[in-house]
Asks: 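Sending over a structure as C-alpha cells; questions will come in a sec.
Note on naming: letters A, B, ... go to the chains in the order of the sequence lines (proteins, then strands), and numbering restarts at 1 for each one.
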Amino acid sequence: EEFEYDHDEL
Amino acid sequence: MNVFRLTGDIAHLLAIILLLMKIWKTRSCAGVSGKSQMMFALVFTTRYLDLITNFISLYNTTMKMIFIASSYGTLYLMFLKFRATYDSNHDTFRMEFLVVPVAGLSFLVNHDFSPLEILWTFSIYLESVAILPQLFMISKTGEAETITSHYLFALGSYRALYILNWVYRFYFEGFFDLIAVVAGCVQTVLYCDFFYLYITKVWKGKKLTLPA
C-alpha cells in the first residue's frame, strides 16, 4: 500500500 | 477545521506575538531560552517543507509562513539585535540531549520511511520537548516575567486544544494520527506543572515564582 502524505494540520 | 483546532492555532499565534512583543517592548530577551527558540525554528523549518510540495489551503500556507518567519525573527532579535540581554548563563540545557534522541526516534518510528515524512516526524517529536530548556531556565532562576508566563500559557494551551481537536476528528472524521497524538500528549503533560503555577499565581495578579 502506497503511503499518502496528508498532514493538513499546523 | 473545527473550533478546537482554530482556537489552538490562534493560541499558538498569540504566543508567538506575545513573545515578540515582550522582546520588542522591553528591548530585552532576558528570561527567554534561546535554545528553545532555536528548536522551535528547527521544528517549523522541518515540518513546513511541504509548503513546496503540497498546497492545502490559503489559511494553512499563510499560517505556516507566519510561523516560520516569526521564529527566525525571534532568533534575530535574541541573537543579533538584543544579544547583550540574552541570559545565556541560565540557558544551560543541553540541546543535543533532545535533538539526537529525537532524530533517532524519527528514523525508527514514523508513518513512512521517506525524507519528507521523517522530517515531519522529527518536527513533531522535537516540538513535544522543545520547551524543556525554557522550563529548565525558569526552574534555575526561580521566576518568570509575567509576559513570559502569558507566552508560555498560550503556547502550552495550543497543544492541549489540539488534543481536543484530535478527539473531535477521531469521532467525526475517523481521523487518527498516533504519532501526533502521543507527542501532543507528552508536550501538554510537560506544561502541567507550569499551568498549575500560572493559574494559582499569575491569575491572582502575582508574579510567577517557584516555591523554594
Asks: Is there side-chain contact between B/Glu117 and A/His7, with at least one heavy-atom pair below 4.5 Å?
Replies: yes
Asks: Check whether B/Tyr59 gets within reach of chain A through its side chain, its backbone, both or neither, counting any heavy atom under 4.5 Å.
Replies: side chain
Asks: Is any side-chain heavy atom of A/Leu10 less than 4.5 Å from a side-chain heavy atom of B/His12?
Replies: no
Asks: Any side-chain donor-acceptor pair under 3.5 Å between B/Asn60 and A/Glu9?
Replies: no
Asks: Flag the one option from B/Asp177, B/Asp112, B/Ile56 with the top tally of heavy-atom pairs under 4.5 Å to chain A.
Replies: B/Asp112
Asks: Any idea which of B/Phe67, B/Tyr48, B/Phe175, B/Tyr158 has the most non-hydrogen atom pairs under 4.5 angstrom with chain A?
Replies: B/Tyr48
Asks: Taking CZ in B/Phe55 as the centre, count heavy atoms belonging to other residues, nucleotides or ligands within less than 6.0 Å. Is the count above 12?
Replies: yes
Asks: Starting at CG of A/Asp8, measure out to CE of B/Met1 and round the result to the nearest 0.5 Å.
Replies: 8.5 Å
Asks: With a sphere of 6.0 Å drawn around CZ of B/Phe176, does it hold more than 12 non-hydrogen atoms of other residues, nucleotides or ligands?
Replies: yes
Asks: Could you tell me whether B/Arg27 atom CZ has more than 12 heavy atoms of other residues or ligands within 6.0 Å of it?
Replies: yes
Asks: Are there more than 12 heavy atoms of other residues, nucleotides or ligands under 6.0 Å from atom CD of A/Glu4?
Replies: no
